[in-house]
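What follows is a short report on a single structure.
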Amino acid sequence: MTFAEDEILQTIRMVTVERLDIRTVTLGVSLLDCAHPDTAAAAGRVYSKVMRSAAALVATADAVAREYGIPIVNRRVSVTPVAWVAAACDDGDPVPIARALDRAAAELGIDFIGGYAALVHKGATDSDARLIASLPEALAVTHKLCGAVNAASSRAGINIDAVRDLGRAIRDLAQATADAGGAGCAKFVVFANAVEDNPFMAGAFHGPGEPELALHTGVSGPGAVRAALATLGPDASLTEVAEEVKRIAFKVTRAGELIGREVAARLGVPFGVCDLSLAPTPAVGDSVAAILEEIGVDAAGAWGSTAALALLTDAVKKGGAMASASVGGLSGAFIPVSEDAAMDAAAAAGHLSLEKLEAMTAVCSVGLDMVALPGDTTPDLLSAIIADELAIGVVNHKTTGARLVPVPGARPGDIVNFGGLLGRATVMPINQAGASRMLARGGRIPAPLHSLRN
Amino acid sequence: MTGDRAVVTVLGEDRVGIVAAVSAALATQGVNIEDIRMATMGDLFTMIALVSLTSTAAPFAEIQTALTGAAEALGVQAHIYRREIFDAMHRI
């Protein structure tokens, strides 16, 4: 036999005990050929294209997961930003396309469909503006559809006009889904430097540089990393900790790449990228915050958390980059509050403040993710939080995002349950001083000097 | 790129007939055992086998169901995974 027993048993243990899994296989589908002046016709084309392209996705992913022994948690589809598809529609209403996408997702049996999106980092087209205005309705009347707006980039700066509109859209979306704790907002993210091949929700869309179809995978595996560090013990130096994370990230990524390539081959579509992100789930032990604690900080958000997270994110990238021929997406470590039981516990205990979370996002792979805020948080405060988060991404040439949930009627300390992978969150207190006068100026914060790289 | 070999693992409390039952389940499905190792650590029994799927026309899911069924009847856990996953995770 070509394997040692301990190698085989390690793989089995990583899957059965440490919850190693592939978080998602996401099929990217171009909808550029679906544009039509008649909105109903465009929606029909969108529905048919998605149904045709992803018909075998669920069955294929299930079969590959079974044969290789690595669970695939979610099956998803990402599509061309809908603002481009709807741009040709005479009446300009993108909501029928939202409904068509949601219907296709339900009938295919996939978990999410992403791409109700617009890229407005330098300015909004008429269609982009209509899509942003439609967000509260589109994401409230659908179930599996996710949306994203890219409002900033290191090349273009920050579109403050869009950021101001998005604060209002998020507040309205929360109110439109008030009976579910504002859960509509869990399906929407504002980005700086959005990536075109991200397989993770809520921000997945099929970018303009992508082929007709592409199959991406997002790996997971924080439980396996934590278990490996626990074995290493408290006396191992941080250099040794980083090396161990690299080793596990390598193995996890190899599994993700193999599964992705196999699913892609069976579907007859090109393999896109393997996204190296450590993605937590609410399950006990499947937690990025628990890794930080294993490294030696008292809780997520404690002093030292940013340094520990920087080590973790970097080591994941180094281990993963060697393991995959095609790394992409967000790649790093996710720190969603509600989706990580230990993150939420740290927030509830007062260790994790919104401000500390923002600092941590400077070294993680995304941003202020799944943060529950008081229901009376004003649109301008939401916009100001978003502007800060985008500024971190723009200046550091990285992707950052804000997925904020102002929970209607909730006060700091209240607990809201979003269900499933979205988890539960303790509503975080928020500094009420904002930047309404800055936002009212409008315009665009220019790109930083180091954007001039040519 | 689907391979023709798989790794079978069996873990559980040692008792009479585990190897016989697992081997019989694989044989019934037309699966050939190419290499097999066993060890007991106290009461814990572990078995790892490399098997060939070229000799069978049975779908993977069917083989898997037969194997796990036979193991469950003895109160032990069995897994069968395509060998590529171990190549991917443990070989550069």
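The chains referred to below are lettered A, B, ... by the order of the sequence lines, with proteins before strands, and numbering in each begins at 1. What you see is a predicted model, and the numbers here were worked out from it, not measured in a lab.
At least one side-chain heavy atom of B:Met89 sits less than 4.5 Å from a side-chain heavy atom of A:Met14. A:Leu258 has its side chain out of reach of B:Asp87: every pair of non-hydrogen atoms, C-beta onward, lies at least 4.5 Å apart.
Looking at A:Arg254, its side chain does come within 3.5 Å of a backbone N or O of B:Ala88 through a donor-acceptor pair.
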Practice item. With side chain to side chain contact (heavy atoms under 4.5 Å, CB included) as the test, would you mind laying out the steps for A:Glu67 and B:Glu84 before giving the verdict? Key: CA-CA 10 Å; A:Glu67 292 177 26; B:Glu84 288 89 340; over 6 Å; no

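None of B:Ile48, B:Leu50, B:Thr46 except one satisfies the side chain to side chain contact (heavy atoms under 4.5 Å, CB included) rule with A:Ile8; the exception is B:Ile48.
At a 4.5 Å heavy-atom cutoff, the contact between B:His79 and chain A is made by side-chain atoms alone. Heavy atoms of B:Phe60 lying under 4.5 Å from chain A belong exclusively to its side chain. Residue contact with chain B, scored on non-hydrogen atoms closer than 4.5 Å, involves the side chain of A:Leu20 exclusively. Residue A:Glu257 does not touch chain B at all, counting heavy-atom pairs closer than 4.5 Å. Contact of B:Ile63 with chain A is not made at all, since no heavy-atom distance falls under 4.5 Å.
Other residues, nucleotides and ligands contribute over 12 non-hydrogen atoms within 6.0 Å of the CE atom of B:Met38. For A:Glu107, the CD atom is densely surrounded, since the number of other residues' heavy atoms within 6.0 Å is greater than 12. Other residues, nucleotides and ligands contribute at most 12 non-hydrogen atoms within 6.0 Å of the CD atom of B:Gln77.
Contact between A:Arg66 and B:Tyr81 at its shortest, heavy atoms only, is O-CD2, 4.4 Å.
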